[in-house]
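Taking it in order: structure first as structure tokens, then the write-up.
Because the structure is a prediction, the values reported are computed rather than measured. Note: hydrogens, waters and symmetry copies are ignored here, and every other heavy atom, side chains too, is used.
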Amino acid sequence: MSACPGGAMLNSSISLGRAGFPVSFISEFARDNVGNIIYEFLRENNVSTEYLHLYQGSSPLSLAFLNDRNDATYEFYEDFPQERLQINIPCFGPEDIVMFGSILAVTKEARTRLEELLYSAKNAGSIILYDPNFRSSQLPLLEEIKPMISENIAYSDIVRASDEDMRMIHGCMNSDEAYDFIKMNGCKFLIYTSSSDGVYLKTPSFSKYYSVPVIETVSTVGAGDSFNSGIAYMLHSRKIRDIGCVSEKIWNEIIGKAIDFASQVCMSTENYISNDFATGLKKI
């Protein structure tokens, strides 16, 4: 048993901070001992804390339980304040990449502020990447949550979703069905990850399958989050401003780097790329 700062977007932020990229984490947690650990961890890993909502109370906890394949199931313990996500909206620009998703992205108490943020980013021409990161614990609330998921997709330039996400959210049994759902809700680009079975890229001009390497998996916690950070790493490195202009060759590089990020995390107990791995990236 061990404990570490986590959460989907935090994991992605830490990987990007370790890679030396300017990154801010937008979220909320309490001014308690757990919150202090998270806050210092972000600072130590070069992640800006400027847009955090720090409230009085208890920080949320997530417990991940690994099965014999080292895949995780989760239990959540939360005690949030009535006023949610009380942050200043960043001044976005066309060079920014905004990643969002998971539970906070479908929380009605934080919905107004989140939509203000996404509307601002979209108007500024930022690239928006959405990861539903849907959990089985959310299934009883699916009828309430699904309209928010559809709205999130409509805001997005890219949706990165797992086969499990798409199966639980809309009953999609393959990447084609998932892409139909994504397009129906207003997004033209889908990256569909299917664990060890590979990655499917769906765009208006072409579709492509990417195999993943055979590795010795220690833990899958943070794998999808690290995959997302690999996408952002390449978009930022390549100074991509318009997803519609990305060639198949560049997509190959983007997906390849995302697979590298996820594979590295799967081979460790950390939820983010290691400092050694990040140091190797900086030499490229």
**Study point:** Side chain S195, main chain D197, donor-acceptor under 3.5 Å
**Key:** no
Check your understanding: Are any of the side-chain heavy atoms of E253 and K249 separated by less than 4.5 Å?
Key -> yes
Check your understanding: Under the 3.5 angstrom rule, does the side chain of S207 hit a backbone N or O of T203 as a donor-acceptor pair?
Key -> no
Practice item. Please examine the side chains of L104 and S27, heavy atoms only from C-beta on, and report whether any two atoms are closer than 4.5 Å. Key: yes
Exercise for review: Give a yes or no on this: more than 12 heavy atoms of other residues, nucleotides or ligands lie within 6.0 Å of atom OH of Y119.
Suggested key: no
Exercise for review: Dump the intermediate steps for side-chain contact (heavy atoms from CB on, under 4.5 Å) on V98 and F92, then the final yes or no.
Suggested key: CA-CA 9 Å; V98 178; F92 294 110; 3.6 Å; yes
Study note, to complete from the structure: Taken in chain and number order and not counting sequence neighbours, the residues that satisfy side chain to side chain contact (heavy atoms under 4.5 Å, CB included) with N88 are none
Review point. Should the pair R43-E40 be classified as a salt bridge under the 4.0 Å nitrogen-to-oxygen rule?
Key: no
Point to revise | Distance-only side-chain donor-acceptor flag, Y39 / T49, under 3.5 Å | key: yes
Review point. Do K188 and D157 meet the salt-bridge criterion of a basic N to acidic O distance under 4.0 Å?
Key: no
Check your understanding: When you check the side-chain N and O atoms of S162 and D165, is any donor under 3.5 Å from an acceptor?
Key -> yes
Review point. Do L85 and L10 share a hydrophobic cluster, counting only Ile, Leu, Val, Met, Phe, Trp and Tyr and linking them when any side-chain heavy atoms are less than 4.5 Å apart?
Key: no
Review point. Are L281 and I250 in one and the same hydrophobic cluster, where Ile, Leu, Val, Met, Phe, Trp and Tyr link if side-chain heavy atoms are under 4.5 Å apart?
Key: yes
Study note, to complete from the structure: Shortest non-hydrogen pair, S126 vs G93, comes out as OG-O, 2.7 Å
Revision key, fill the gap. Which of I273, D225, V47 passes side chain to side chain contact (heavy atoms under 4.5 Å, CB included) with I14? Answer is V47
Review point. Pick one: which of E109, E116, E115 meets salt bridge (charged side-chain N to carboxylate O under 4.0 Å, His left out) with R113?
Key: E116
Review point. Yes or no on side-chain hydrogen bond (donor to acceptor under 3.5 Å, both in side chains) for D32 and S59, after CA distance, side-chain angles and deciding distance?
Key: CA-CA 7 Å; D32 58 358; S59 295; 2.8 Å; yes
Revision key, fill the gap. What one should report as the nearest heavy-atom pair of R18 and S274 is NH1-CA, 3.8 Å
Review point. Just by modelled atom types, is the S58 backbone N or O under 3.5 Å from a matching donor or acceptor in the Y55 side chain?
Key: yes
Exercise for review: Report the C-alpha distance between V265 and T220 in whole Å, list the side-chain angles of each, state the deciding distance to 0.1 Å, and finish with yes or no for side-chain contact (heavy atoms from CB on, under 4.5 Å).
Suggested key: CA-CA 8 Å; V265 169; T220 59; over 6 Å; no
Practice item. Determine, stepwise, if the pair L54 / F29 fulfils side-chain contact (heavy atoms from CB on, under 4.5 Å). Key: CA-CA 5 Å; L54 303 178; F29 50 81; 3.3 Å; yes
Review point. What do you reckon, are the aromatic ring centroids of F261 and F277 less than 6.0 Å apart?
Key: yes
Point to revise | Validation row: L190, I158 side chains within 4.5 angstrom (heavy atoms) | key: no
Review point. Is there a path of hydrophobic side-chain contacts, each under 4.5 Å between heavy atoms of I, L, V, M, F, W or Y residues, that connects M173 with I182?
Key: no
Review point. Which residue, I254, L16, N228, forms the side chain to side chain contact (heavy atoms under 4.5 Å, CB included) with Y233?
Key: L16
Exercise for review: May I have all residue pairs that pass side chain to side chain donor-acceptor pair (under 3.5 Å) and include part of residues 137-146, sequence neighbours excluded?
Suggested key: K146-H170
Exercise for review: Please round to the nearest 0.5 Å and tell me the distance separating atom OG of S13 and atom CE of M99.
Suggested key: 6.0 Å
Practice item. Is it possible for you to check whether R84 lies under 6.0 Å from the centre of the six-membered ring of F80, through NZ or CZ, and within 45° of that ring's axis? Key: yes
Check your understanding: Can you list the steps and then say if F25 with F41 is a ring pair (Phe, Tyr, Trp, His ring centres under 6.0 Å)?
Key -> CA-CA 12 Å; F25 180 49; F41 187 73; over 10 Å; no
**Study point:** Proximity of Y130 and F100 rings by center, below 6.0 Å
**Key:** yes
Practice item. Supply the atom-to-atom distance D180 CG to C172 SG, rounded to the nearest 0.5 angstrom. Key: 8.0 Å
Practice item. Report the C-alpha separation of I259 and V199 in whole Å, then their side-chain angles, then the decisive distance to 0.1 Å, and conclude whether the side-chain contact (heavy atoms from CB on, under 4.5 Å) test is met. Key: CA-CA 9 Å; I259 291 172; V199 178; 4.1 Å; yes
Point to revise | Approximate separation, where rounding is to 0.5 Å, of L129 CG and I97 CD1 | key: 9.0 Å
Review point. Can you name the closest pair of heavy atoms from P90 and L117 and give their distance?
Key: CD-CD1, 4.4 Å
Point to revise | Separation of S229 OG from H236 NE2 (nearest 0.5 Å) | key: 13.5 Å
**Study point:** 4.5 Å side-chain heavy-atom contact, T193 and F227
**Key:** yes
Exercise for review: Could you tell me whether E75 and R135 make a salt bridge, using a distance below 4.0 angstrom between a side-chain N and a carboxylate O?
Suggested key: no
**Study point:** Nearest-0.5 Å distance that lies between atom OG in S62 and atom CD1 in I103
**Key:** 7.5 Å
Check your understanding: Side-chain heavy atoms under 4.5 angstrom apart, residues restricted to Ile, Leu, Val, Met, Phe, Trp, Tyr: same cluster for I243 and F206?
Key -> yes
Practice item. List the atom of P81, the atom of H53, and the distance in Å for their closest heavy-atom pair. Key: CG-CE1, 4.5 Å
**Study point:** Spatial distance of atom CZ (F134) from atom OG (S102) [nearest 0.5 Å]
**Key:** 10.5 Å
Check your understanding: Is there a donor-acceptor pair closer than 3.5 Å between any side-chain N or O of R111 and the backbone N or O of A105?
Key -> yes
Review point. Hey, mind stepping through E177 and Y179 against side-chain hydrogen bond (donor to acceptor under 3.5 Å, both in side chains) and telling me if it holds?
Key: CA-CA 5 Å; E177 292 180 6; Y179 190 40; over 6 Å; no
Exercise for review: Is it possible for you to say whether M168 and M184 belong to one hydrophobic cluster, with membership spreading through side-chain heavy-atom contacts below 4.5 Å?
Suggested key: yes
Review point. Between S263 and I215, which heavy-atom pair has the shortest distance, and what is it?
Key: O-CD1, 3.8 Å
Review point. More than 12 foreign heavy atoms under 6.0 Å from CD of E151: is that the case here?
Key: yes
Practice item. Let me see the working for E95 and K239 under salt bridge (charged side-chain N to carboxylate O under 4.0 Å, His left out), right down to the final yes or no. Key: CA-CA 7 Å; E95 73 284 352; K239 295 181 171 57; over 6 Å; no
Exercise for review: Step through the shown structure and confirm whether more than 12 heavy atoms of other residues, nucleotides or ligands are within 6.0 Å of CG on N33.
Suggested key: no
Practice item. Return the orientation label for the Y200 and Y209 ring planes: parallel under 30°, perpendicular over 60°, tilted otherwise. Key: tilted
Check your understanding: Out of I153, I128, I191, which residue meets the side chain to side chain contact (heavy atoms under 4.5 Å, CB included) rule with V159?
Key -> I153
Check your understanding: Is there side-chain contact between I169 and P132, with at least one heavy-atom pair below 4.5 Å?
Key -> yes
Point to revise | Flag side-chain contact, heavy atom, 4.5 Å: K208 against W251 | key: no
Check your understanding: So which heavy atom on P5 is nearest to which on I37, and how close?
Key -> CG-CG2, 4.3 Å
Check your understanding: Relative to F181, does K183 satisfy both conditions: NZ or CZ under 6.0 angstrom from the six-membered ring centre, and within 45 degrees of the ring's axis?
Key -> no
